[in-house]
There are 2 protein chains.
Amino acid sequence: MNLKQLSHMLALSQTTVSRALNGYPEVNEETRRRVVDAAKRHGYRPNPSARRLATGKTGMIGYVLPTGATVDIDPHFVEFLSGLGDYARSHELDLVLSPADADDQETTYRRIVANRQVDAVYISSPRPADRRVALVNTLGIPFIVHGRSEGFDFDYPFTDIDNEGAFHEAARLLVQLGHRRLALINGDDRETFAIHRERGVRRALAASGLVLRDQHVCSLTMTEENGYRAARRLLEQSDPPTAIACSSLIMALGVVRAVRDLGLTIPGDLSLIAHDDVFPWLKPENFSVPLSTTRSSIRLAGARIAERLAARISGLEQGARGEVWPVDLVVRGSVAGAPA
Amino acid sequence: MNLKQLSHMLALSQTTVSRALNGYPEVNEETRRRVVDAAKRHGYRPNPSARRLATGKTGMIGYVLPTGATVDIDPHFVEFLSGLGDYARSHELDLVLSPADADDQETTYRRIVANRQVDAVYISSPRPADRRVALVNTLGIPFIVHGRSEGFDFDYPFTDIDNEGAFHEAARLLVQLGHRRLALINGDDRETFAIHRERGVRRALAASGLVLRDQHVCSLTMTEENGYRAARRLLEQSDPPTAIACSSLIMALGVVRAVRDLGLTIPGDLSLIAHDDVFPWLKPENFSVPLSTTRSSIRLAGARIAERLAARISGLEQGARGEVWPVDLVVRGSVAGAPA
DNA sequence: GGAGTCTTCCAAAGCGCTTTGGTCATTTTG
DNA sequence: CAAAATGACCAAAGCGCTTTGGAAGACTCC
């Protein structure tokens, strides 16, 4: 059932039927009712390909997915997706993932914009002066950044959490508990979130006249194995830290394993706070010693970003507003006063 | 730059240019070269929306994503996606995720087929007599099932791993090591993979005149917490198992924690084998006691499914061929002879 | 040398929508 | 009361591609 058939059936022109269905004012309310009713009865759904060719609107949001044999997609992605999908569903939006060579995403961005394959895109895991942000900004497609970039001469819309604040609070607590040697096991420090977290820790230490020493900072992809390695390296130093702030729950698994291997205990020998993105399948309260965390649901972020994208597509949201969400500090058994 | 402009520029008709570009035979090779050359020089890319309206082909594969506040996307998904994306990228395919109410995916399948939004779909985590498989089969869109369903009066194309064989081997090894009381910590037993795994364990036990007792089987969503709970329940029975086969690495984390909480050791008091889908961020060899596993890369499966989907779209693959991949049994420190 | 057969190209008709630029009554306005 | 404005509708022109149904010329074949 297409528009032609439907309009013929109603003895109306395609124009009128189309307008009636799309809520244009220049159609009699009585007529509109007839049309809407008939459309529903016959299960008429406008062909999206046709509509798309005519209007350029696709009803889809896009994400350029970096791929490659050596590229791992972040497991956080799936939680983010849950939130995004949940919102998108209720608004009849689909998500298209365009796989791209991790080293050349620009081509793909240009393609999906030139071809009008999606109405809006989001960008995740941004770095300072991220080229994708600059590109998408000049290409003129609606977008939201999940996280923050830095160092542009323009503003852009983003939704981020207060990574600096979170790690500032975490470090401040540890310092208050008497810790003097803090370490940070961070994610990839080319990404903004990691930079912000480090900044937060440094600021907290500085406030008490302390510093974060270089050998007390590790920046690695967030795997269990890297968490283990980092912790070993830190704890086997001559002057090991008595507290660690850790950027992910998965890395924290490795830290806990390293501590155990070394015959140490948490929180007796080491206090530990990790960031928790809230996974359903791994919970900090279930660690052998319940883990203190800075907590922020990445799923909620996904939903929020879908919401903002939808708003931008429909023109409801404009401008370059950035929003920064506060992060909870949840204290559990893994922190204690510094050992004597 | 569109077809009209390009053909005008070449003093050819749109027909000829289109045919030249799409490799039709009725165009002079010399002319084709001119056309292809000019197209490249001017960066001409046919508008996908237009092509789509004309041909019905979208260059996209689809996945209906179950969503909802209480629905969690499996973290395996992200690894699967890595493989799928990697192949899709090299063949200029995009993936569209259509979020659907987890309890009503049918509507969404019907929509994406009726609207010709994608050229093919895949289905994951199938159950016996899975309605999605039956639906998609009657709707007539090319598809591949990742995993297996059962109990249809038709065949369908799938790619699965030999879950039964894998768990059969694992259980057989444990029995050979003298274990008489085996337990299975399984995933959701409404899904085929879980049924197959249980079947594999039962068969191995039966071969030695043993049985898998009901109180030795747990079927739960695969979270760390559920692994812990299941292990506690099993090990606190009056006649606890001396070996456990476990359906996921994440659950195995919980099992290990439970064992430790109970003051037991692996493999002294308990042998443990888990299934490993091969995550970059959590490796069985890095467990405190290196974990024996049945191993199969879900990422490879993703790539293979993309490949088969592409083949079906282009008509290279037809019929209902199912393929079953063997699974490696990797023995590490977590298994030993049964305690006396 | 006229009938067939290729080869190579083209004009125009879709695909199914949206949107422009009207028309024709009916109301409102000065 | 003529002129202007409004309300309700329509025909047809896009959107940019593919594909159908020729057509013109060159070549073969008795």
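Atoms considered below: every heavy atom in the structure, side chains included; atoms not considered: hydrogens, waters and symmetry mates. Quick note on labels: first sequence line is chain A, next is B, and so on, each numbered from 1.
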Rounding to a whole Å, what distance do you find between A/Asn115:CG and D/dG16:P?
12 Å
Does A/Thr55 have a side-chain nitrogen or oxygen under 4.0 Å from the phosphate oxygens OP1 or OP2 of C/dT18?
no
Between atom CD in B/Glu29 and atom P in C/dT8, what is the gap in whole Å?
9 Å
Start at the 5' end of DNA chain C and walk down; is the nucleotide closest to B/Ala11 or to B/Leu53 reached first?
B/Ala11
Integer-rounded Å distance: D/dC15 P and B/Leu3 CG
13 Å
By nearest-nucleotide position on DNA chain C, the 5'-leaning member of B/Gln14 and A/Asn47 is B/Gln14
A/Asp94 with B/Arg111: basic N within carboxylate O range, under 4.0 Å:
yes
Select one nucleotide: of C/dT18, D/dG16, D/dC9, the one nearest the side-chain heavy atoms of A/Glu26.
D/dC9
Whole angstrom value for the distance that separates P of C/dG16 from NE2 of A/His8
16 Å
Counting side-chain heavy atoms from C-beta on, which of C/dG14, D/dT19, D/dC15 comes nearest to B/Ala54?
C/dG14
Check ion pair B/Glu30-B/Arg34 (N to O, under 4.0 angstrom)
no
Nucleotide of C/dG16, D/dC10, C/dT18 approaching A/Thr16 most closely (side-chain heavy atoms)
D/dC10
Using atom NZ of B/Lys4 as one end and atom P of C/dC10 as the other, report the distance to the nearest whole Å.
16 Å
Which is true for B/Thr15 with a 4.0 Å heavy-atom rule: it touches a base, it touches only sugar-phosphate, or it touches nothing?
base
Give the nucleotide from the list D/dT20, D/dC17, D/dC9 with an atom nearest to the side chain of B/Arg19.
D/dT20
In whole Å, I'd like the distance from the CG atom of A/Leu21 to the P atom of C/dC17.
10 Å
Atom-pair distance (CG on B/Leu12; C1' on C/dC9), nearest Å
8 Å
Decide, yes or no, whether a salt bridge links A/Glu323 with A/Arg304 under the criterion of side-chain N to carboxylate O below 4.0 Å.
yes
Measure from the side chain of A/Ala50, starting at C-beta and using heavy atoms only, and say which of D/dC15, C/dC17, C/dG14 lies closest.
C/dC17
Output yes when at least one side-chain N/O atom of A/Tyr24 is less than 4.0 Å from OP1 or OP2 of C/dT19, else no.
yes
Report the nucleotide, chosen from D/dA11, C/dG16, D/dC9, that has the shortest atom-to-atom distance to any side-chain atom of A/Thr31.
D/dC9
Pick one: which of A/Arg321, A/Glu307, A/Arg308 meets side-chain hydrogen bond (donor to acceptor under 3.5 Å, both in side chains) with A/Thr159?
A/Arg308
A/Asn22 CG to D/dC9 C1': how many Å, rounded?
16 Å
How far does CG of B/Asn47 sit from CZ of B/Arg51, to the nearest 0.5 angstrom?
9.5 Å
